[in-house]
Amino acid sequence: MKKSKVIMIGAGLANMAAAVYLIQEGRWNGEQITFYSLDDHGSNDGAPTETVTDEYWNKNHPLENQKGYVARGGRMLNYRTYVDLMDLLDRIPSATEPHMTAAEDTRDFDAKHRTFDKARLLEGGKGIIDGGHLGLNNKDRVLLTKLIAMPDSEEEKLDNVSISEYFKDDPHFFETNFWFMWETTFAFRLQSSAQELRRYMHQMIYEFTQIEHLVGVNRTRYNQYESIMLPLVNYLKDQGCHIVLNRLVTDWEFKETTMQDEITVTGLKMTNTETNEEEFVPVDDDTAVIFTNGSITDSATLGDFETPAPENMDYGAASSLWKKASERFYNVGNPDKFFADRNASEWVSFTLTTRDHILLNEITRITTQIPGNALNSFVSTSPITPLGQKDVNMSIVVHHQPHFTTQKPNETVIWGYFLYPRRRGEFVDKQYIKMNGKEMLQELIGQLSKVDPGPGNIRDKEAEIMASVINNVPVYMPYASALFNNRAKTDRPKVIPQHSTNLAFTGEFVEQPYQMVFTEQSAVRSGEIAAFHFAGIPMSRLVPNPRYDKDLKTLARAAKKMFLYDIHF
C-alpha cells in the first residue's frame, strides 16, 4: 500500500538503505522520513572507546579512563554476491575519500589491497595448514552434494534441522579443513540451522575453489562504521531526514478492526533513554512503519584490559518489540527461536589496540603475510567439542592499518573472536567469557606460540607485547549468531507480512527468498523491498541477484575441487 511518510524503528543498515531507495527511486523528500533509534549504526559499529555510549561500559568506566578502539564485529564483503549493497554504496558519497562514491572508495581500496590469505588455518605442532586440501571423505561429499542439490521447493525439509543433526551419522565432517574454514569464515556453529548452511552453499558455491585463500573477500578502507554507515548518515542528514537517537521503542498501538488478520500500526510508545521520559508517536493513515526486528549486537556488553565483559541477560531491545507483535499476530514469526537460546547464539570478541607494531610484526612473521590479507583460525589438537573432536579455538582478523581514521601511524588494531565462549582457554584456565582483555591477549600469544616453535618464539617477546597494549576490549554478544539459530521458515516474518497495511520488517531476521543472513547484502535487500513496496515501485525493478547455484561452470569447478583435488588425511 503506497504511503507518503515513513517511521523507521532502528537506524541500522537495512533501514538506512530503505531511506536511500525511497529518496532516489521513490522520489521522496528526506523530510518525509523519520528514524527512532538507540544509535546510528546498528551492528556496523567501530569507534574510539571515548565515543562509546554503551550503558554497561560507561557505568564502570569513567570517560577519562577510556582509550583505544572497539568494534563489536567485523564485516567482509563479496562483490559477486553483495550486489544490492554495492548498488546502495554507489548512490552515496564516501565519508573519507573526496570525489568518490562509497562503492568507488571500497573498490579502489580493495583493488590495491587484494585478499590472499596464506595462513588461513594454523595448527599447533604443524604450523600453516594447506587448506586447499579440504579433508573430505566420500560420506562428507555425499551429504554436502545432497545439501547443494536440494531444490528451493524442498527447503522446508530442513525446517528445525541443525547442522549437527544433518551430519549426525558423519562426525568426520566436523574435523575437515572445509568445516574449519566454512565455520570461521561465516560463523556457523554446530547448533546452527542446516537450512541456513544450505543457502550459503547455494549462494557461495564458488568459494569451494578459493576459501583457503579468501580471495573472494573484499574489504572496506576503514572500519564498517566509517566506510559504510557514516556515508549513509551524512547523505540522509543532507537530504533532510530526521534521525532521532536515544529512543527505545517499547510497544505498539494497533488498529482495532473486525479483520483480525489486519496489521495496521496506529502508534508507537518509546522511551527517551537520556531523560527516561515516556513518549508516544501517533501513526496516521499516510505513514508506513519499517521495523528492524532483531539485532545481533543487542544486549552486548564491553569489558577492558582488566575487566571481563559482564553478561547481560536482557532479551534484546528490537526482539522484545518483535515479541510483542508476535503475541498479537500469528504470521510475524517467532522471536524465541532466535533470542531464547544463548547456547546457540553467543560469542565473545575482542578489539586490541597497541601503541607499536611488535605484535603485528610477529603475526606477519608467523603467517608469512602482510597485514590486511589474514583471517587466521587456530586449530586445537585436543578434543574439545561435545563430539570429542578437535575444533577451532579462536580466530583473529589482522586489518590493513590504519583501521580507523584517527588511528596513529604507530598504532595497531586487531580484532578476534571466540565462537564458543563457554569453552576454556588452553593458556588461561578460564572460560573465554570470563577472561578480561589481558587474559585474551595471553591466550592469543599462547595459541600463536603453538605454531611458532624453536628459538625466537613469540613468547620471548610477550613482555614487550604486553607493555605495548593501549587497551584490549572484550565484548560479550549473546545474540551474535542468533540469525543462524535452528528454525523453520515460518519463524521469520516476510518483509511485508500478509494482511499488513503499513508495517514492514527489515534486517537479518526476515525471510527472503535465496538470501543469506549475516550479510550486508540481505540487510540492504530487505530495506530495498520495503521501500519499493511503500513507494509503489514494481518489484521487477529490484537489483537483479545472481544465482551461482544455477551456473553450470561454477558448479563444475566446485565439484572438481570437492571430488578430484582433495587428498585424504
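The basis for the numbers below is simple: all heavy atoms, side chains too, and nothing from hydrogens, waters or symmetry mates. Just so it is clear, the model here is predicted, and its values are computed rather than measured. Numbering starts at 1 and runs along the sequence shown.
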Legend entry - Short N-O contact, K323 and D336, less than 4.0 angstrom: yes
Legend entry - ring pair (Phe, Tyr, Trp, His ring centres under 6.0 Å) involving Y479 - partner list, sequence neighbours excluded: F339
Inset, instruction - Answer yes if the side chains of N15 and T506 hold a donor-acceptor pair under 3.5 Å, and no otherwise. - result: yes
Inset, instruction - Please determine, by modelled atom types, if Y21 and D84 share a side-chain donor-acceptor pair under 3.5 angstrom. - result: no
Inset, instruction - State, yes or no, whether a side-chain contact exists between M204 and I211 at a heavy-atom distance under 4.5 Å. - result: no
Legend entry - Separation between OH of Y166 and CD of Q195, rounded to the nearest 0.5 Å: 12.5 Å
Inset, instruction - Kindly compute the distance separating OG (S192) from CD (E183), expressed to the nearest 0.5 Å. - result: 9.0 Å
Legend entry - Positive for side chain to side chain contact (heavy atoms under 4.5 Å, CB included) with V265, one of I7, N502, T501: N502
Inset, instruction - Could you tell me if the ring centre of F329 sits under 6.0 Å from that of H499? - result: no
Inset, instruction - For the pair E196 and R189, find out whether any cationic side-chain nitrogen is under 4.0 Å from an anionic carboxylate oxygen. - result: no
Inset, instruction - Could you check if a side-chain atom of R247 sits within less than 4.5 angstrom of a side-chain atom of N272, using non-hydrogen atoms only? - result: yes
Inset, instruction - Give the C-alpha distance, both sets of side-chain angles, the deciding distance and a yes or no for salt bridge (charged side-chain N to carboxylate O under 4.0 Å, His left out) between E253 and R328. - result: CA-CA 11 Å; E253 184 179 274; R328 173 153 179 160; over 6 Å; no
Legend entry - Listed partners of F291 passing ring pair (Phe, Tyr, Trp, His ring centres under 6.0 Å), at least two apart: W252, F505
Legend entry - Main-chain N/O of A318 paired to D298 side chain as donor or acceptor, under 3.5 Å: yes
Legend entry - Interatomic spacing from CD in E226 to OG1 in T96 - rounded to 0.5 Å: 7.5 Å
Inset, instruction - Please work out whether the ring planes of F188 and F186 are parallel, tilted or perpendicular, with thresholds of 30° and 60°. - result: perpendicular
Inset, instruction - Could you grab the distance from atom NZ of K550 to atom CG of L555, nearest 0.5 Å is fine? - result: 9.5 Å
Inset, instruction - Drop me the distance from L248's CG to L321's CG, to the nearest 0.5 angstrom. - result: 8.5 Å
Inset, instruction - Check whether any side-chain heavy atom of I529 sits under 4.5 Å from a side-chain heavy atom of Q512, and report yes or no. - result: yes
Inset, instruction - Examine the side chains of T264 and E262 and answer whether a donor and an acceptor come within less than 3.5 Å of each other. - result: yes
Inset, instruction - Would you please say whether a donor-acceptor pair under 3.5 Å links the side chains of T81 and Y206? - result: yes
Inset, instruction - Could you check if a side-chain atom of D491 sits within less than 4.5 angstrom of a side-chain atom of N160, using non-hydrogen atoms only? - result: yes
Inset, instruction - Assess whether side chain to side chain donor-acceptor pair (under 3.5 Å) is satisfied between Q24 and Y235, documenting all intermediate values. - result: CA-CA 12 Å; Q24 295 193 8; Y235 172 81; 3.0 Å; yes
Legend entry - Note, D549 side chain near Y514 side chain (heavy atom, < 4.5 Å): no
Inset, instruction - Specify the closest pair of heavy atoms between A309 and Y476, including all atoms of both residues, with the distance to one decimal. - result: CB-N, 3.6 Å
Legend entry - Qualifying residues under side chain to side chain donor-acceptor pair (under 3.5 Å), relative to E154, sequence neighbours excluded: K157
Inset, instruction - Locate the shortest heavy-atom distance separating F404 from A47; write the atom from each residue and the value. - result: CE2-N, 3.3 Å
Inset, instruction - Take atom NZ of K146 as the centre, draw a 6.0 Å sphere, and report whether it contains more than 12 heavy atoms from other residues, nucleotides or ligands. - result: no
Legend entry - Non-hydrogen atoms of H399 and V413 that approach each other most closely: CD2-O, 3.8 Å
Legend entry - Separation of R221 CZ from D108 CG (nearest 0.5 Å): 5.0 Å
Legend entry - Heavy atoms of other groups near K5 NZ, more than 12 under 6.0 Å: yes
Inset, instruction - May I ask you to check whether over 12 heavy atoms, not counting those of D251, lie within 6.0 Å of atom CG? - result: yes
Inset, instruction - Output yes when R199 and E511 qualify as a salt bridge under the 4.0 Å nitrogen-oxygen rule, no when they do not. - result: yes
Inset, instruction - May I ask you to test the E278-T271 pair for a side-chain heavy-atom distance under 4.5 Å? - result: yes
Legend entry - Within-4.5 Å side-chain heavy-atom neighbours: F418 and F350: yes
Inset, instruction - May I ask you to check whether Q515 and N545 show a side-chain donor-acceptor distance below 3.5 Å? - result: yes
Inset, instruction - Scan side-chain atoms only and decide if S4 and Q32 contain a donor-acceptor pair under the 3.5 Å cut-off. - result: no
Inset, instruction - Assess the side chains of S162 and Q191: does a donor N or O sit below 3.5 Å from an acceptor N or O? - result: no
Legend entry - Expected output: side-chain T351 to main-chain V473 donor-acceptor under 3.5 Å: no
Inset, instruction - Without swapping roles, check the side chain of S349 against the backbone of G73 for a donor-acceptor pair under 3.5 Å. - result: no
Inset, instruction - Answer yes or no: does atom NZ of K494 have more than 12 heavy-atom neighbours from other residues, nucleotides or ligands under 6.0 Å? - result: no
Legend entry - Check ion pair D152-R547 (N to O, under 4.0 angstrom): yes
Legend entry - R80 to Y548 six-membered ring, cation-pi geometry met (6.0 Å, 45°): yes
Inset, instruction - Would you mind reporting whether V475 and L302 have side-chain heavy atoms less than 4.5 Å apart? - result: yes
Legend entry - Residue pair I228 / E520: nearest heavy atoms and the distance that separates them: CD1-OE2, 4.2 Å
